[in-house]
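Structure first, then comments.
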4 protein chains.
Amino acid sequence: MSEDQIKRKPGRPKGTGSIQTMQQILRTAAFLFMEQGFEKVSLESVAQACGVTKASVYYYFNNKSVLFTECLQFVLKMAYDQTSKIVSSTGSLKERMLVVAERHMNNAHVEFETMMREASSGLTEEQITSIRTSEQAIHELIGSVFQKAMDEGEIKRGDSMLLAHIFTAMLTVRNRKEIINNEKTVEQAAFEIVELLWAGLEPRS
Amino acid sequence: MSEDQIKRKPGRPKGTGSIQTMQQILRTAAFLFMEQGFEKVSLESVAQACGVTKASVYYYFNNKSVLFTECLQFVLKMAYDQTSKIVSSTGSLKERMLVVAERHMNNAHVEFETMMREASSGLTEEQITSIRTSEQAIHELIGSVFQKAMDEGEIKRGDSMLLAHIFTAMLTVRNRKEIINNEKTVEQAAFEIVELLWAGLEPRS
Amino acid sequence: MSEDQIKRKPGRPKGTGSIQTMQQILRTAAFLFMEQGFEKVSLESVAQACGVTKASVYYYFNNKSVLFTECLQFVLKMAYDQTSKIVSSTGSLKERMLVVAERHMNNAHVEFETMMREASSGLTEEQITSIRTSEQAIHELIGSVFQKAMDEGEIKRGDSMLLAHIFTAMLTVRNRKEIINNEKTVEQAAFEIVELLWAGLEPRS
Amino acid sequence: MSEDQIKRKPGRPKGTGSIQTMQQILRTAAFLFMEQGFEKVSLESVAQACGVTKASVYYYFNNKSVLFTECLQFVLKMAYDQTSKIVSSTGSLKERMLVVAERHMNNAHVEFETMMREASSGLTEEQITSIRTSEQAIHELIGSVFQKAMDEGEIKRGDSMLLAHIFTAMLTVRNRKEIINNEKTVEQAAFEIVELLWAGLEPRS
DNA sequence: AATGAATGAGTGTTCATTCAT
DNA sequence: AATGAATGAACACTCATTCAT
């Protein structure tokens, strides 16, 4: 998050201005987009939050759509890496998915599909598919993990990709203020969700 | 400049008067809001879609926030009524929830939480709570059905309200184009979701 | 002012709706125009203040300019009558002008000239001259009184019409909040103004 | 629809850049506000009068209230400086006040109080007091001059601040078209006003 | 006599985008 | 590398005005 602030190697930094500024714009904009969605974020507000001018943002990103696209890819890549690390660790599938759930539910953000729908009219076909691809990668990652577990008999057989989507969809209850914040912690909710997914509703005879 | 334009006189045109303009505006706007979210829908576009002028929209609704609020309440009431009818019909809980799932997934719309987040900055506290209340009513309806089933031993015990939220969250996979539209019909997806929710992932010994 | 409310003759009033409504619109609008000027007063606000609809206002007055014109003439006629009564009463000129000053300064209103300038672009030549004539009548009334006093040696000779304008102009200090409201009452201010006008600044040798 | 229109690209045009756009906007807007008042001046008209776009006006002034406030302060500062120079020159008080009168009456403008009343609903408390302060400064300047003259016996004793207000109020006869323009020059009127103020109406015995 | 419904023309304001430096 | 100046397009909202009933 603020890795670049704290850990400063001694000596004059190489590219003080250029790459650093671009990275900061990217990070800041990504945060704002995830928080407020496409339309509500103005390039002016991005610039201000970065302490630069609007024109500077344009210097690095040709237009709002480009910035948005790169932001999403940045965020999705981070999510992919994080998830990848978790699922490839040791432990039972259930245990690992619980960690995935906790992490996912702690990253506050606008729901993906909605943001895409909002933005899509301003994006080119290319941009849309490029984002979709990055997003799909995550689902495929999770899907493949489920598939492997099915093959090994760890869980029941079924449509692994659909399962992956259902799983991520379940995690969006994080956004319901009535559930989280009031009565349960995120960890509790994540735990109950995974338990439910594993056990099902049907009472054992 | 506009000398060559046909100068329409202001004021009410002679023979317009459809039956219920207000209802039509409400319905049209509701559809557009659900499809595109708060910001992207301009009152101009609402007016055009209804075949009236912007000023006419303002004649019936004081401002965009009011229109939005009434639209959402309109939609939520319909959803509540629909759901209410289904859950109070005969059949096992699982059967009834399948119907709920099918209906819900066929109503295309932006995810609720995201839309609210997007719009909330423009709404008054009152408007927000009024919408929230309407929305909560649906969850409580579903939650109460789950609770009753728990009490009667039809399903396992658990947090019925959390379950209600999880259930509706699961239905949002409808928005994922990779799943629906390509490989599965909505009905298939709904069926598999309900099956999964009931049976769980754990393989029977 | 509220003469029509208090003094109600017994029996069914003749023209309950028509003339009464028109009078009320006129009075209300006049008050609003004097208070806020031409542009700031919307016909909607006039209607609301009267408890009727905008269309009703249009029923009695063809358009805003007409309403404005009639309002001003109404107000100016009242001012004329009031002034006329005062100046034709007994007492020295100075005494009578003091009463005029007090009355004038107690009627809160936007300065005349400014209001006219604001409104004039929307008025026809006819309307403007008709208002100007009514206004001029007041000045001529006061001017004639001054002239007579000059002829009779009660005051120094001079341009009586200019003097009339100066006199009314002096009374506009009523609008300066720093003077009235804080340190002086309207009556005190009126007194000092008249004293000053009579005695002049020059110290007697 | 606009296919046949020449589609100007957005963004800064190639060779515009006059020297000081902001100053010109300020001056032009100040003139328009003084001439027509707050409501009647649209930012569009200001822009047009300057040969720039509305958006350019917004580039320099955040909103109409800000522009209005800065305009008034600009005008008031000029008036203060002008008056200050005159009153601190040599000559008798009467001579100097005659010059003040002439200058003031030659600057065509809407009456101050009225303009403030019209605009005040759109201004913040801060803006109002900031303007009021600037205006009060002028009256205090004139008041102090009168006070000094009283102390030195050059004129009769009295409320110097009230006198200052009366004096400026008298000068508003400049706005009465029936007086100026037709029969008298501004200089004549100014002369007669000052004469009257000094000598008073009372005939010497 | 009075009104509800509808409209065209504006007004203030925001924003993505461009260009010269 | 970064910015200040400028713009066209859109948007939320208001208002005077008209017409049918």
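The figures here come from the full heavy-atom set of this structure, side chains too, leaving out hydrogens, waters and symmetry mates. The chains referred to below are lettered A, B, ... by the order of the sequence lines, with proteins before strands, and numbering in each begins at 1. What you see is a predicted model, and the numbers here were worked out from it, not measured in a lab.
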Watson-Crick or G-U pairs under 3.5 Å in DNA chain F, rendered as dot-bracket with [ ] for crossing pairs and | for another strand: .||||||||||||||||||||
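Between the side chain of C:Lys54 and the base of F:dT17, at least one donor-acceptor pair of N or O atoms lies under 3.5 Å.
C:Val41 comes within contact range of the sugar-phosphate backbone alone, with a heavy-atom separation under 4.0 Å but no base atom that close. As judged by a 4.0 angstrom heavy-atom cut-off over every strand, A:Tyr58 is placed among the base-contacting residues.
Atoms CD1 and OG, on A:Ile25 and A:Ser56 in that order, are 6.5 Å from each other to the nearest 0.5 Å. Within the model, atoms OG of A:Ser130 and CD of A:Glu70 stand 9.0 Å from one another, a figure rounded to the nearest 0.5 Å. Atom CD1 of A:Ile128 sits about 11.5 Å away from atom CG of A:Leu72, to the nearest 0.5 Å. Here the CG-CD1 distance, from A:Leu76 to A:Ile131, works out to 7.5 Å after rounding to the nearest 0.5 Å. If you take OG1 on A:Thr28 and CG on A:Leu67, they are separated by 10.0 Å, rounding to the nearest 0.5 Å.
Remark: A:Tyr59 is in phosphate contact with F:dA1, judged by side-chain N or O atoms under 4.0 Å from OP1 or OP2. Listed pair A:Ser56 / F:dA2 fails the phosphate criterion, with no side-chain N or O lying under 4.0 Å from OP1 or OP2. At F:dC11, one or more side-chain N or O atoms of B:Ser42 fall inside 4.0 Å of OP1 or OP2 (strictly under the cut-off). Note on D:Thr21: a side-chain N or O is less than 4.0 Å away from OP1 or OP2 of F:dA6.
In the set F:dA12, E:dG4, F:dA5, the nucleotide with an atom closest to the side chain of D:Tyr60 is F:dA5. Nearest to the side chain of A:Leu43, among E:dA16, E:dG12, F:dA16, sits E:dA16.
Between the P atom of F:dA10 and the CD atom of A:Glu39 lies a distance of 13 Å, rounded to the nearest Å. Straight-line distance from the CG atom of D:Asn62 to the C1' atom of E:dC15: 14 Å, rounded to whole Å. Here the C1' atom of nucleotide E:dT14 and the CZ atom of D:Phe61 are 18 Å apart, to the nearest Å. A straight line from CG of A:Leu67 to P of E:dT17 spans 10 Å, rounded to a whole angstrom. In this entry the distance linking CE of D:Met22 with P of F:dG4 reads 14 Å, nearest Å. One atom, CD of C:Glu44, and another, P of E:dA6, lie 16 Å apart when rounded to the nearest Å. The CD-C1' distance, from D:Gln24 to F:dA5, rounds to 15 Å in whole Å. Rounded to an integer number of Å, the gap from CD of D:Gln48 to C1' of F:dT7 is 15 Å.
Listed for the A:Lys54 side chain is no donor-acceptor partner under 3.5 Å among the backbone atoms of A:Gln48.
Along DNA chain E, the nucleotide closest to C:Val52 and the one closest to D:Lys64 are compared, and the more 5′ of them pairs with C:Val52. In terms of position along DNA chain E, the nucleotide closest to C:Ala55 lies nearer the 5' end than the nucleotide closest to the other residue of the pair C:Ala55 and B:Thr53. Mapping C:Asn63 and B:Phe38 onto DNA chain F by nearest heavy atom places B:Phe38 closer to the 5' end of the strand.
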Derivation and outcome, side chain to side chain contact (heavy atoms under 4.5 Å, CB included), residues A:Lys40 and A:Glu35: CA-CA 10 Å; A:Lys40 287 256 308 215; A:Glu35 196 187 43; over 6 Å; no
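When each of D:Phe61, D:Phe74, D:Phe38 is tested with D:Phe68 by the rule ring-ring contact (aromatic ring centres under 6.0 Å, His included), just one qualifies, namely D:Phe38.
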